[in-house]
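Just below is one structure, and these are the notes that go with it.
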Number of protein chains: 2
Amino acid sequence: MRPTVHDLAQSAGVSLATVDRVLNNRPGVKASTRSRVEEAIARIGFVRDVAAANLAKGRIYPLTFVVPSGDNSFMVSLRHQIEEAKTRSIAERTEIVMVEVPAFDAEALVAALRALRNDPPAGVAVVAVDTEEVRRELLALKASGVAIVTLVSDLEGFDRDHFAGVDNLAAGRTAGSLMARFLAGKTGRIGVIAGSMLVRDHQDRLIGFRERLAEINPSLVILPAEECHDDPHRVDAAARRLLAEAEGLVGIYNLGAGNRGLIAALSLMPSGPRPVAIAHELTDHTRAALEGGVIDVILNQDAGHEVRAAIRVMKAKSDGTPVIAAQERIRIDIFLKDNLP
Amino acid sequence: MRPTVHDLAQSAGVSLATVDRVLNNRPGVKASTRSRVEEAIARIGFVRDVAAANLAKGRIYPLTFVVPSGDNSFMVSLRHQIEEAKTRSIAERTEIVMVEVPAFDAEALVAALRALRNDPPAGVAVVAVDTEEVRRELLALKASGVAIVTLVSDLEGFDRDHFAGVDNLAAGRTAGSLMARFLAGKTGRIGVIAGSMLVRDHQDRLIGFRERLAEINPSLVILPAEECHDDPHRVDAAARRLLAEAEGLVGIYNLGAGNRGLIAALSLMPSGPRPVAIAHELTDHTRAALEGGVIDVILNQDAGHEVRAAIRVMKAKSDGTPVIAAQERIRIDIFLKDNLP
DNA sequence: CTGTTAGCGCTTTCAA
DNA sequence: TTGAAAGCGCTAACAG
């Protein structure tokens with residue numbers, strides 16, 4: 001039988017209450033008594049039963065997700081996954097609140113975070129815009145004991161508890177590799193469509209893409225990125241322009257959202273060889289485009305995994321429990337039409 | 001406050017014991033009383049607290065993994081992950097036993113499974129060889145209430161509770177796609193190395209690979225698969241033969257284990273264009289080969305994920321709790337040197 | 001067939 | 001600074 005608090009109390013020659021005080025390092029224990037208990041813990045190999053502790057405490061984990069509003073497919077799916085997680089709240093002892101703020105709006109984000117100060121949750125998961133103010137606000141929360149998880153987009157050099165998202169530089173490099181390999185030495189122009197170069201993820205993807213493409217096949221000409229703000233209409237227009245104007249457009253990479261526009265433009269092309277098309281995020285639209293051969297590769301981050309990982313990490317951090325690092329790492333999924341889930 | 005058994009008992013006008021009986025559908029409750037309680041459950045929205053139940057029951061989940069012995073890197077890593085899981089046993093209330101049986105040895109497997117009959121665990125996860133006897137043995141365990149999870153390799157049409165592994169037909173198709181796309185219309189010969197054509201996984205991979213390659217570029221000639229029984233030395237020899245003999249060997253696919261042999265053979269090639277090389281399972285060796293450009297693509301199944309999924313599913317099945325399907329699905333990971341974890 | 005009562009391992013008043 | 005005792009939500013004897 002694994003030792004319990006009773007065994008521990010007996011073994012240390014103190015009462016249950018004292019054991020509990022030491023275990024939860026609460027004040028009011030003489031240093032000598034404390035060390036006597038700690039010694040006993042080591043001696044009998046006591047490991048505290050978190051489930052029992054949570055039961056006794058009636059503990060639930062109040063967790064807040066702060067995410068962008070708007071109808072970008074990926075964010076829609078992220079929010080959907082948060083709703084799904086709410087479904088599991090009773091079983092997982094969580095109480096999840098989702099706060100939506102306008103995308104790319106630092107002030108709104110700051111306000112939302114500040115509002116959490118009054119009644120701080122156990123953890124905050126946030127799709128962060130990177131400004132000084134945002135960092136300050138998150139730091140303040142962290143200082144008051146809130147576990148901070150950055151979601152999807154990380155804050156460079158910021159001491160969050162965890163990042164639940166992918167390495168976008170690596171994602172860009174992966175796109176570059178696949179583009180170059182699929183073109184196998186061919187030369188020509190590559191069109192790039194981005195959301196906004198003000199967002200870190202997109203910057204990183206572009207940098208990685210260019211780097212890798214240049215490494216493998218420097219003869220390819222990468223056209224300047226078209227910023228379409230994740231808007232399908234603008235993506236559509238930009239893609240048409242690229243396809244019509246660029247002589248020898250052999251590849252096209254949409255590193256942002258708005259794939260519906262890309263798919264529409266590609267689908268309208270006259271038959272004949274299509275450029276290699278690579279985009280991000282698996283949605284109903286991109287899945288259909290992959291299956292139909294309109295898009296060749298989809299790079300994906302699993303929103304469900306991100307949300308579940310964020311929750312597990314916030315809970316773990318909030319009670320000092322270890323996390324399984326490999327489990328919480330978010331992969332850069334590469335989907336061809338052949339390995340769709 | 002969420003309703004408890006007390007509320008339920010009161011609301012149904014019965015005692016705690018009766019509530020408990022219907023909750024765990026134990027016998028000895030009049031049908032009318034039972035329905036009265038069930039009604040109350042629905043009325044007040046009672047959801048049972050599994051953690052508290054487990055505490056009261058002192059419940060632990062005895063789980064048995066039956067896996068092949070031998071030094072194939074993937075199986076080594078699978079066993080390592082099982083050991084890792086043991087590490088978490090106290091927290092997860094599991095008691096994990098790992099039984100090793102010689103690879104591909106149906107009789108030994110049957111014997112190992114039969115031995116579980118005396119004291120059946122809550123769940124069995126097994127890397128199964130597909131024979132009638134094995135199926136019969138697993139069915140018998142299932143009939144006595146044991147949750148059955150097939151690991152890595154599934155049993156076609158068998159009613160297991162879950163399969164924790166990848167779709168190998170899809171994996172083969174993915175390999176075929178990548179091979180064809182990387183070769184971009186080039187013609188030539190493709191060498192294939194397999195472990196054993198008696199194993200379902202390998203059959204499936206080969207079928208998928210051929211199919212897909214033929215669809216995309218029928219001019220490629222796929223050489224007959226060399227069966228090397230996952231042995232690095234034999235793989236090495238086979239690869240050398242292929243590289244030396246085959247005029248215009250443009251690609252090589254190892255769908256089995258023994259990648260050390262493949263890597264050795266490729267590394268010894270005179271400089272000049274190498275064939276596109278695709279293999280399975282990310283290990284220290286294949287990682288280094290990817291990084292060094294010796295291998296182009298590694299398809300992977302995450303052994304850690306498989307083990308964790310198997311455990312979660314066995315626990316869930318064993319107490320009738322739902323599983324999060326998307327979380328337990330094992331992906332076909334595609335690794336290039338750019339997106340290594 | 002149904003109910004009473006004493007726990008599971010830990011926390012939390014309330015006294016001392 | 002310490003301890004005794006009641007209780008978290010559920011289960012399990014043991015009586016009736």
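Only this structure's heavy atoms are used, side chains among them; waters, hydrogens and symmetry mates stay out. In the text below, chain A, chain B and the rest are named by the order of the sequence lines, each starting its count at 1. Predicted, not measured: the structure shown is a model, and the values here were computed from it.
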Problem set entry | Atom pair distance, as rounded to whole Å: CG in A:Leu16 and P in C:dG7 | 14 Å
For this session: Would you classify B:Arg26 as touching base, sugar-phosphate or nothing, given that sugar-phosphate means primed atoms plus P, OP1 and OP2, and contacts are heavy atoms under 4.0 Å?
Result: sugar-phosphate
Exercise. Given that B:Arg93 and B:Gly13 both sit by DNA chain C, which one's nearest nucleotide is further toward the 5' end?
Worked result: B:Gly13
Exercise. Is the distance from OP1 or OP2 of C:dT4 to the nearest side-chain N or O of B:Ser15 less than 4.0 Å?
Worked result: no
Problem set entry | B:Asp161 (side chain) donor-acceptor with B:Ile148 (main chain) under 3.5 angstrom | yes
For this session: Tell me which nucleotide among D:dA12, C:dT11, D:dG3 gets nearest to the side chain of A:Ala17.
Result: D:dG3
Problem set entry | Per B:Leu55 side chain, nearest of listed nucleotides C:dT13, C:dG3, C:dG9 | C:dG9
Exercise. Judged by atom type as modelled, is there a donor-acceptor pair below 3.5 Å linking the side chain of A:Ser89 to the main-chain atoms of A:Thr94?
Worked result: yes
Exercise. When the distance from CZ of B:Arg21 to C1' of D:dA12 is rounded to whole Å, what number comes out?
Worked result: 10 Å
Exercise. Is it true that a side-chain atom of B:Lys315 and a backbone atom of B:Glu92 form a donor plus acceptor pair closer than 3.5 Å?
Worked result: yes
Exercise. Is B:Val14 touching bases, backbone alone, or none of the nucleic acid, heavy atoms closer than 4.0 Å?
Worked result: sugar-phosphate
Exercise. How many Å lie between NZ on A:Lys57 and P on C:dG9, as a whole number?
Worked result: 17 Å
Exercise. CG of A:Leu23 versus C1' of D:dG3: gap in Å, rounded?
Worked result: 16 Å
For this session: Looking at every strand, decide which applies to A:Asn24 at a 4.0 Å heavy-atom threshold: base, sugar-phosphate, or nothing.
Result: sugar-phosphate
Problem set entry | Test item: B:Asn25 side-chain N/O and B:Val22 main-chain N/O as donor-acceptor pair under 3.5 Å | no
For this session: Assign B:Gly28 to base, sugar-phosphate, or nothing according to its heavy-atom contacts below 4.0 angstrom with the strands shown.
Result: base
Exercise. On DNA chain C, nearest-nucleotide positions of B:Ala56 versus B:Arg36: which is more 5'?
Worked result: B:Arg36
For this session: For A:Asp20 and D:dA5, give me the distance from atom CG to atom P, rounded to whole Å.
Result: 17 Å
Exercise. Which nucleotide sits closest to the side chain of A:Thr33: C:dG9, D:dC10, D:dT2?
Worked result: D:dT2
Exercise. Roughly, in whole Å, what's the span from NE2 in B:His6 to C1' in C:dG3?
Worked result: 13 Å
Problem set entry | Length of the line joining B:Asp49:CG and D:dT11:C1', which is rounded to integer Å | 13 Å
Exercise. Between B:Arg93 and A:Asp49, is there a side-chain N and carboxylate O pair less than 4.0 Å apart?
Worked result: yes
Exercise. Is the shortest side-chain N/O distance from B:Thr18 to OP1 or OP2 of C:dT2 below 4.0 Å?
Worked result: no
Exercise. Among D:dT11, D:dT2, C:dC10, which nucleotide sits nearest the side chain of A:Phe46?
Worked result: C:dC10
For this session: May I have the distance from B:Arg2 (atom CZ) to D:dC8 (atom P), rounded to whole angstrom?
Result: 14 Å
Exercise. So what does B:Val5 hit on the nucleic acid, given a heavy-atom distance under 4.0 Å: a base, only sugar-phosphate, or nothing?
Worked result: base
For this session: Spell out, as yes or no, whether a donor-acceptor pair under 3.5 Å connects the side chain of B:Arg36 to the backbone of B:Ala12.
Result: yes
